[in-house]
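All remarks here apply to the structure that follows.
Model, not experiment: these values are computed from the prediction. Every chain is numbered from 1 and lettered A, B, ... according to where its sequence line falls, protein lines coming before strand lines.
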Amino acid sequence: MIYLDNGATSFPKPHIVHDAYANCMRYYAANAGRGAHRMSIMAAEKMWETRQAIARLFGIKNPERIVFTHNCTAGINMGLCGTLHSGDDLVITNMEHNSVYRPAMALSKKGIRTLFASADKEGVITPDAVRRELTPRTKMVLMQHASNVGGGINPIREIGAMLRKKGVLFMIDAAQTAGCVPIDVVKDNIDILAFSGHKGLLGPQGTGGLYVRDGLFIEPVFSGGTGSESESPFQPDFLPDRLESGTQNLPGIAGLGGGVRYVMEKGVTNIGAHERMLCAYFADQIKTIEGIRILGPANMERRVGVLSVAMDTPEPVVVAQKMDEAYGIAVRAGLHCAPLAAKTLGVLEGGSIRFSPGPFNTIQDMDYAARAFREIMQKK
Amino acid sequence: MLIGVQSMTAALNLKKKLADENIRAQVVQKPKGLQKKGCGYAVRVEKENLEAVRTAANALGIKITGVYEAG
């Protein structure tokens, strides 16, 4: 199997992730922060090490401001629901994944209005597009760092700087960029950062996280046991405990720590460049196929390693099925859980087929996939 | 000495900082009598390191919930 579905979740994982996960399960999978015996302390130390590694990766000064979640979507929901109140305005974009769109729509039933910043023709959001949607009631702008459909990277540093001056909270969905595009929460003016652990950070599924800027208070969506201030009927007021109720996914977090260390050793920029190079090569190989349209920025330097292709016939889902059955290539087709992006890019009816290589894919993989794609398209 | 902090995470943060300064610290659960009730964690250090612990906690923004002679 040639796996080109890293936009959904990365595969394979580095050996360091397998080992970290398995070692935790074998030797120290106690409950972190729920006792002080040696195994519990070791479990808590492993969680701390992962927090530290993530902090280094994203330029976060205090690792205690990082909360573990079970995926990026959970973090987005926590950031939204814990911050906004009836009467607030929220700005998102017309390129968002359902992980942003649906929670925003759910909040609209609670008196929180959502406004949509419009992307340019390549699916990229400019600072002006965001500025146009701001109102005196805008509490937060929440947007993706890069699109899981078009692949375009948004200029978050410029947008964040503009919002910081206006006192508007800036929350980023880094599902497609954590691990392959540099992120610095201070320089990028990010107040809240939601990230996936199982995509670019190469951790196990069921991992993710949320960074909350120092001084920003978020109401917890979940309440429960934290192993601290147990005598109180209310959640602690400090992080990470305030937002980490119940037993945490320790094996996953240990594995995530391995993934983050791997990413840092290889270099975020290097990984991103590798994935872009593979996409550029693939795009070059398929560009002469009749009846296809490559979505997103033409300039590969403005993209992450996600290349979606639209066509009328055969349907993208049929092409994806043939890629799997006849060639052993794993790709995804459809709307990619992003109907807003599909509509913006003009593919809401038919969707698109997405090729998303990861750090372990090679030029040979892309060559084979391009030949397979061409053969399928020519047999239509 | 036992230096009480708010959480296990804070205790580990403090312990790592102290380790960087070659001060040995151990994370322990606060024994009954050193807290009102419920769960709580502390860092056990030699008495001579108390000021270093205060300085480290201050630098990290960690709230010290109590200092105990016991332990």
Side-chain angles (χ1 to χ4, degrees), chain A residues 30-56 60-68 209 212-216 224-248 250 253 257, chain B residues 1-47 49-71:
Chain A
N31 204 331
R34 303 299 195 273
H37 54 79
R38 276 173 289 177
M39 269 179 68
S40 177
I41 295 282
M42 188 172 179
E45 283 180 337
K46 290 295 177 184
M47 282 183 70
W48 178 252
E49 286 172 12
T50 300
R51 261 188 248 277
Q52 279 188 309
I54 293 168
R56 281 195 294 275
I60 296 166
K61 187 180 172 191
N62 182 1
E64 291 182 67
R65 305 303 297 182
I66 298 164
V67 175
F68 291 115
V212 181
R213 172 176 55 75
D214 204 17
L216 184 58
T226 59
S228 54
E229 295 191 351
S230 297
E231 71 281 10
S232 170
F234 301 106
Q235 286 293 101
D237 62 2
F238 50 85
L239 293 183
D241 296 36
R242 182 167 181 77
L243 301 180
E244 280 184 357
S245 290
T247 299
Q248 298 298 301
L250 183 70
I253 291 167
Chain B
M1 301 290 291
L2 289 178
I3 316 298
V5 293
Q6 287 180 312
S7 68
M8 168 64 89
T9 311
L12 288 171
N13 196 358
L14 187 54
K15 179 187 170 187
K16 299 282 183 191
K17 174 83 171 167
L18 293 171
D20 291 343
E21 296 169 18
N22 296 317
I23 296 173
R24 190 172 176 279
Q26 182 187 7
V27 175
V28 298
Q29 204 161 7
K30 281 191 276 191
K32 189 179 174 184
L34 298 186
Q35 56 187 331
K36 284 179 274 185
K37 44 189 160 177
C39 309
Y41 289 91
V43 174
R44 177 184 281 148
V45 294
E46 295 296 328
K47 191 173 182 178
N49 293 320
L50 179 58
E51 273 317 299
V53 174
R54 287 187 194 279
T55 303
N58 192 43
L60 293 169
I62 290 173
K63 182 180 172 186
I64 291 178
T65 59
V67 178
Y68 314 104
E69 290 281 351

Identify which part of B:Leu60 has an atom lying under 4.5 Å from any heavy atom of chain A, answering side chain, backbone, both or neither. backbone
Give the member of B:Gln26, B:Lys16, B:Gln6 that has the highest number of heavy-atom pairs under 4.5 Å with chain A. B:Gln6
Per the side-chain contact (heavy atoms from CB on, under 4.5 Å) rule, which among B:Asn13, B:Leu12, B:Thr9 passes with A:Arg51? B:Thr9
In this structure, are over 12 heavy atoms from other groups packed under 6.0 Å from B:Glu21 atom CD? yes
I need the B:Ser7 OG to A:Glu244 CD distance, nearest 0.5 Å. 9.5 Å
Of all of A:Ala44, A:Ser40, A:Ala36, A:Gly35, which one pairs up most often with chain B through heavy atoms under 4.5 Å apart? A:Gly35
Stepwise, does the side-chain contact (heavy atoms from CB on, under 4.5 Å) test hold for A:Arg34 with B:Met8? CA-CA 8 Å; A:Arg34 303 299 195 273; B:Met8 168 64 89; over 6 Å; no
Region of B:Lys63 in contact with chain A, defined by heavy-atom distances below 4.5 Å: neither
Nearest 0.5 Å please: distance from the CD atom of A:Glu45 over to the NZ atom of B:Lys15. 4.0 Å
When the 4.5 angstrom heavy-atom criterion is applied to B:Ala10 and chain A, the contacting part is both
Go through the atoms of B:Val28 and report whether side chain, backbone, both or neither lie under 4.5 Å from a heavy atom of chain A. backbone
